[in-house]
Amino acid sequence: MFDLIVKNATTSDGQSGVDIGCKDGKIAAVEAGITAEAKETVDAGGNLVSPPFVDPHFHMDATLSLGTPRMNVSGTLLEGIALWGELKPIQSVDDIVERAMRYCDLAVTKGIGAIRSHVDTCDDELKGVQALLEVREKVKDYLDLQLVAFPQDGVLRDPTAMNNTIRALDMGVDVVGGIPHFERTMVDGAESVRLLCEIAEKRGLMVDMHCDESDDPHSRHIETLAYETQRLGLQGRVAGSHLTSMHSMDNYYVSKLIPLMVEAGVHAIPNPLINIMLQGRHDTYPKRRGQTRVRELRDAGIMVGFGSDCVMDPWYSLGKADMLDVAFMGLHVGQLSGRADMGWCFDAVTGNSAEIMGLEGYGLSKGCDAHFVILQAKDKIEAIRLRAHRLAVFRHGQLISQSNPLQYNLALPDRAGLTVDESQVRGSIRTS
Ligand code: FE2
């Protein structure tokens with residue numbers, strides 16, 4: 001006797017017409033024609049059933065703050081950082097909690113099951129850390145929130161940042177962050193990488209640094225990050241976020257760099273929406289794309305996951321917690337248009353990012369947590385093409401969000417005829 005059977009699913013690894021049996025919050029069977037009884041049965045109707053979306057790079061302390069205290073007029077990264085500096089002293093812990101909880105609710109309805117959020121530690125009161133530790137606890141039944149201690153103003157450049165970053169880790173923040181390209185010099189940047197990786201090694205933590213978020217081809221802190229990962233034995237526990245300078249680097253240098261990253265087992269987290277928006281701002285034409293070398297990194301064997309980075313905050317006015325928007329942009333900017341490449345872009349916002357975050361029990365095979373989302377799409381490529389509607393979201397085998405099917409006017413002929421328009425979609429029915 002199962003607690004739940006999802007009938008007639010197409011899985012993200014390409015199986016069709018399979019049933020997913022769940023018991024005690026775990027997936028107990030994935031096979032065609034399960035005949036055992038269940039307390040509840042859901043018909044997936046041949047739609048794609050995927051493990052939840054995973055966002056490996058986000059800023060939950062800043063999200064939904066758009067316009068407070070003012071808008072980013074230039075739309076640039078540096079004005080965004082300055083604007084964030086204006087907002088920090090005037091926001092309260094309760095403000096941050098309230099915005100973050102609203103975002104988490106939205107994320108759940110969009111099928112996100114895990115988020116790695118950086119939290120700014122350049123604040124002597126550590127308001128963001130206090131708030132997001134509270135949020136991590138509040139949402140744990142329906143969302144895995146992993147926090148990165150992020151010294152936004154530079155762990156060496158800001159006089160109290162190192163102390164505050166260590167305080168944040170003592171308070172329970174999960175991952176060590178950094179921003180070497182924002183330190184005063186290249187030498188300081190390299191030193192910040194060394195110091196922060198040593199902290200992670202001593203504490204047995206993962207590392208995820210904003211690394212080389214720049215168009216400067218000489219911003220090569222990823223080289224130091226790979227070196228320190230190797231030196232300290234942190235293989236598999238370190239990620240470089242953004243890595244946009246790699247787009248502008250000399251090809252010969254990159255031919256040495258990527259093998260060093262492979263050797264160190266460093267993961268890569270591009271953030272396509274934000275990178276294409278914020279990079280290349282000093283260029284006239286031709287204008288560089290602001291995304292790292294996704295195809296080359298992936299083909300070399302580096303684990304690449306796409307992050308969303310920002311939603312309605314000082315850096316980015318748009319966004320709706322939709323990891324399929326992220327995959328869609330990453331696909332275009334990376335020119336990943338082959339059939340296998342497009343499917344891989346779906347993996348970049350699901351399984352790849354789960355692996356980077358070190359999530360346990362993730363997946364759609366027997367023994368995994370019964371966390372999954374039913375998408376109104378027949379496969380991964382259609383899901384990206386349509387930024388497919390989320391029909392139902394399950395956590396530990398329990399329905400936590402659902403909505404009625406949409407009429408897809410642009411769907412392929414065999415997918416047309418689905419009913420109900422958007423006005424009838426119900427919101428989240430989160431149970432916790
Ligand atoms: Fe970021």
Side-chain angles (χ1 to χ4, degrees), residues 54-66 72 75-85 87-88 96 100 103 107 115-123 128-129 132 145-155 161 165 168 173-183 189 192-193 196 206-215 219 221-222 225 238-247 267-279 281 290-292 304-319 321 323 325-326 329-330 348-349 353 356-357:
V54 176
D55 185 353
H57 187 114
F58 192 61
H59 293 265
M60 201 172 282
D61 49 357
T63 195
L64 305 184
S65 67
L66 180 69
N72 181 337
T76 60
L77 172 61
L78 292 180
E79 185 175 345
I81 292 174
L83 178 50
W84 175 235
L87 173 57
K88 275 197 286 185
I96 302 168
Y103 185 81
I115 299 175
R116 172 182 278 184
S117 175
H118 296 252
V119 52
D120 192 348
T121 55
C122 290
D123 161 24
V129 173
L132 294 194
L145 179 57
Q146 189 179 75
L147 300 177
V148 184
F150 174 48
Q152 169 80 71
D153 300 328
V155 76
T165 300
V173 170
D174 307 282
V175 180
V176 179
I179 185 166
H181 58 278
F182 198 70
E183 302 291 353
S192 77
V193 172
L196 290 163
M206 292 186 284
V207 174
D208 185 343
M209 294 201 190
H210 284 65
C211 197
D212 306 322
E213 188 181 5
S214 161
D215 295 315
S219 187
H221 297 294
I222 180 59
L225 186 61
V238 176
S241 281
H242 294 295
L243 304 175
T244 52
S245 74
M246 198 182 295
H247 184 88
H267 311 307
I269 307 175
N271 296 283
L273 292 166
I274 307 309
N275 297 155
I276 198 66
M277 180 66 86
L278 295 182
Q279 301 303 310
R281 287 291 179 124
Q291 185 165 281
T292 192
V304 181
F306 288 154
S308 68
D309 204 4
C310 303
V311 170
M312 299 183 73
D313 68 10
W315 296 274
Y316 188 60
S317 301
L318 306 174
M323 295 308 294
D325 280 347
V326 175
M329 181 61 76
V349 293
S353 292
I356 290 171
M357 286 180 62

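First listed ligand is number 1; within each ligand, the first listed atom is number 1.
- Once rounded to the nearest 0.5 Å, the distance linking OG of Ser308 with CG of Asn271 reads 7.0 Å.
- Protein nitrogen, oxygen and sulfur atoms, that is N, O or S, within less than 2.8 Å of the Fe ion (ligand 1) amount to 4.
- Ala268 meets the side-chain contact (heavy atoms from CB on, under 4.5 Å) test with Leu243, Leu297, Ile302, Val304; sequence neighbours excluded.
- Enclosure of atom CE in Met312 is not indicated, since only 12 or fewer non-hydrogen atoms of other residues, nucleotides or ligands lie within 6.0 angstrom.
- No side-chain heavy atom of Asn275 sits less than 4.5 Å from a side-chain heavy atom of Phe306.
- Screening Gln152, His57, His181 for a side-chain hydrogen bond (donor to acceptor under 3.5 Å, both in side chains) involving His210 leaves a single residue, His57.
- Counted by atom type alone, His247 and Asp215 present zero donor-acceptor pairs between their side chains at under 3.5 Å.
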